[in-house]
2 protein chains.
Amino acid sequence: MTELRVTSLDVAKLAGVSQSAVSRVFTPGASASKETITKVRKAAEKLGYRPNALARAMITGKSRIIGLVVAYLDNQFYPIALERLSNALQDRGYHILIFTATNTQEAIDKVMQELIDYQVDGIITASVGMTSELTGRCAAAGIPVVMFNRAQDGSGLSSVTSANENGARKIADFLVAGGHSHIAHIAGWGGSSTGRDRIRGFIDGLAKHEKTPVAVIDGMYSRDVSAQATRDLMALPNRPDAIFVGNDHMAFAVLDTLRHEYNMSVPDDVSVIGFDDVPLASWAAYDLTTVRQPVNRMVDATVETILAQIGDKNRPTQKIEIDGPLIIRSSARIPEGWHT
Amino acid sequence: MTELRVTSLDVAKLAGVSQSAVSRVFTPGASASKETITKVRKAAEKLGYRPNALARAMITGKSRIIGLVVAYLDNQFYPIALERLSNALQDRGYHILIFTATNTQEAIDKVMQELIDYQVDGIITASVGMTSELTGRCAAAGIPVVMFNRAQDGSGLSSVTSANENGARKIADFLVAGGHSHIAHIAGWGGSSTGRDRIRGFIDGLAKHEKTPVAVIDGMYSRDVSAQATRDLMALPNRPDAIFVGNDHMAFAVLDTLRHEYNMSVPDDVSVIGFDDVPLASWAAYDLTTVRQPVNRMVDATVETILAQIGDKNRPTQKIEIDGPLIIRSSARIPEGWHT
DNA sequence: AGATTAATTGCAAACGTATGCAAGCAAAAT
DNA sequence: ATTTTGCTTGCATACGTTTGCAATTAATCT
């Protein structure tokens, strides 16, 4: 009904001051007398005025919007991270323009372009890779980018990940100490740095004990693919007695398959270890041994980094790795002498 | 390095046309000759120009941004819905400004205000209630609101939900047909219409068979509260042999508690039924009987409604209910003659 | 060929705000 | 009393677009 937009000019007229005065009252750093402030605030209150964020963004060149690109939301890790990121950024007065994009170059390129159209102050990508051409465009547009839970070598982009190699090494140690002889790995997607780093750390960790995995299969971060990989492993002549799965999300599928298709007992028949420690991992139905990705600290680091780069465009990018502990639960045999 | 923003004026100069011409080339409805179009496109390409969405938004009054307010992301239903909403809106050329807010009046009020500041074209709320004062402000600002998976009586706001009463009635029928004698309900938060509707439907459904629930406990949409409710139910003299839980998320906690704290077998000792049919419900570890909320159709309806209201501000609001089927799995006793 | 119509284009005025500049003014310093 | 200092304030401009208007040009019709 009342289709009119109330502007700073309206407030100015009612308060008997200039438009600039109104603007200054609503601009944190600006100077205004006690008297003007109260007059303006009263008038604004009466008219229900609030500054137009878009107009403000255009003039200042700062939109206070952070673009967030995320691929999959069915892996519980990402909604959790998203929630935390959102809260942390809201506290700092930023807002999140969100895009879901499948992990293909075209989709991501398209989405990133649209983000840039909105003059976002910064971009956070969660679980997606980026074209080098695209990173170039962001750099050209002067938009900082931070990759969350994913890194990209030689991109010159900041990234925040957990210590994937080291985490996978811990898992190798744990499984070997548990006396497993046939150890397999259902890996995260080979197209992701996270997947590759975990493979590398795991193989390296096994090598330290002069062991090699009986098999390494790409699980593509998919339940279906991981379930099939499990079947393939069970069909092997040297059937594994331990499986490290590249993330929790896939590990749940592996557990379901072992228990309900093969009637196997975990960890008596097979030990299973995941990676991430999503909330679901602690639920009694799974009780999954896993390496924790410290979401809170990763989120804090991400927010710090992106804001720092927004504040100082010449600040060098950085690759942050945060170590997480092995969380010992009941899905993998616990070596003698390890304390839960 | 190259800190300069390329504007339509730059393109105009390079192409040897006026700034308006450039604008028209990038404005769908506008008229421009073949020749100008190619000249402008070439120049734009060369300079890497794209129209500034913020400036465009300010002048047209349409930001093509939809505000999305969501409370919790640990219930898998919401990330899934979010993903679908995001995709559907992206396809229509809209973008999502997301806010996570705890389900308290102050938090929601604050968040909604900030959304309005950004001149969003519409607002979708998922799983949060709203102040009547706030709905008033939105109406005053001429911003359409659609509530997703929640309704609000007398608010005059559009809403999209599943047929909660009817769904709960189906569950009552199913449990009674299964021959259960002591039926309990761990309900969704009483502060939500969804929670209340499901209670009403369930009690009504039981009443049709001349039964009443042995207990109705508010599970507050929380795992912990639901687990405790389960313990309380098990301590009852007339211990229930069937529990309808207000949503899947809580039902998982109930299952975990029954199985791992009480060593009970489902459905032999107790039948458990949830509501939502999130992906997790079909995983072998839970295999939960539940009523499906047809997310895709709910999302489609939500998008349709919000866009329709944006297109025509005088369009009457509507409350849409979409019926979903009972998905029969193994967590509840299957009555003779029911076909899975 | 002349007249009517349609399409294209540039000019200029918006949209709602922030901010440099100079003027005003009161208080403090000399 | 005069100067200095510091704080407020209004004026006017800018941000990067879209769009009504009028003018120009091209196309169609009689």
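First the proteins, then the strands, lettered A, B, ... as listed; each starts at 1. FYI, side chains are in, hydrogens and waters are out, and symmetry mates aren't considered; it's all heavy atoms of this structure.
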Counting just side-chain N and O atoms, does [X] come under 4.0 Å of either OP1 or OP2 of [N]?
{"X": "A:Ser18", "N": "D:dT9", "result": "no"}
{"X": "B:Ser8", "N": "D:dG16", "result": "no"}
{"X": "A:Ser33", "N": "D:dC7", "result": "no"}
{"X": "B:Ser23", "N": "D:dT18", "result": "yes"}
{"X": "A:Thr7", "N": "C:dG16", "result": "no"}
{"X": "A:Tyr118", "N": "D:dG16", "result": "no"}

(message) Assess, by modelled atom type and distance only, whether the side chains of B:Tyr221 and B:Ser192 contain a donor and an acceptor separated by less than 3.5 Å.
(response) yes
Between [N] atom [atom2] and [X] atom [atom1], what is the distance in whole Å?
{"X": "A:Gln19", "N": "C:dG16", "atom1": "CD", "atom2": "C1'", "result": "8 Å"}
{"X": "A:Ile37", "N": "D:dT8", "atom1": "CD1", "atom2": "P", "result": "8 Å"}
{"X": "A:Arg24", "N": "C:dT17", "atom1": "CZ", "atom2": "P", "result": "15 Å"}
{"X": "B:Met58", "N": "D:dG16", "atom1": "CE", "atom2": "P", "result": "11 Å"}
{"X": "B:Ile59", "N": "C:dA13", "atom1": "CD1", "atom2": "C1'", "result": "9 Å"}

(request) Determine yes or no for a side-chain-to-main-chain donor-acceptor pair under 3.5 angstrom, with B:Lys39 supplying the side chain and B:Gly16 the backbone. (result) no
(message) Looking at A:Arg84 and A:Arg297, would you say the former's side chain and the latter's main chain have a donor-acceptor pair under 3.5 Å?
(response) no
(message) With a 4.5 Å cut-off on side-chain heavy atoms, are A:Ile66 and A:Ile310 touching?
(response) yes
(request) Taking only Lys NZ, Arg NE, NH1 and NH2, and the carboxylate oxygens of Asp or Glu, determine whether B:Glu114 and B:Lys110 approach each other closer than 4.0 Å. (result) yes
(request) Looking only at side-chain atoms of B:Arg5, point me to the closest of C:dT8, D:dG16, C:dG16. (result) D:dG16
(request) Taking only the side-chain heavy atoms of B:Thr60 (C-beta and beyond), determine which of D:dT8, D:dT18, C:dT9 contains the nearest atom. (result) D:dT18
(message) Does atom CG (A:Asp153) have a neighbourhood of more than 12 heavy atoms from anything else shown, all under 6.0 Å?
(response) no
(message) Could you work out how much the helix from C:dA1-D:dT30 to C:dT30-D:dA1 bends, comparing the axis of its first five pairs with that of its last five, to 10°?
(response) 30°
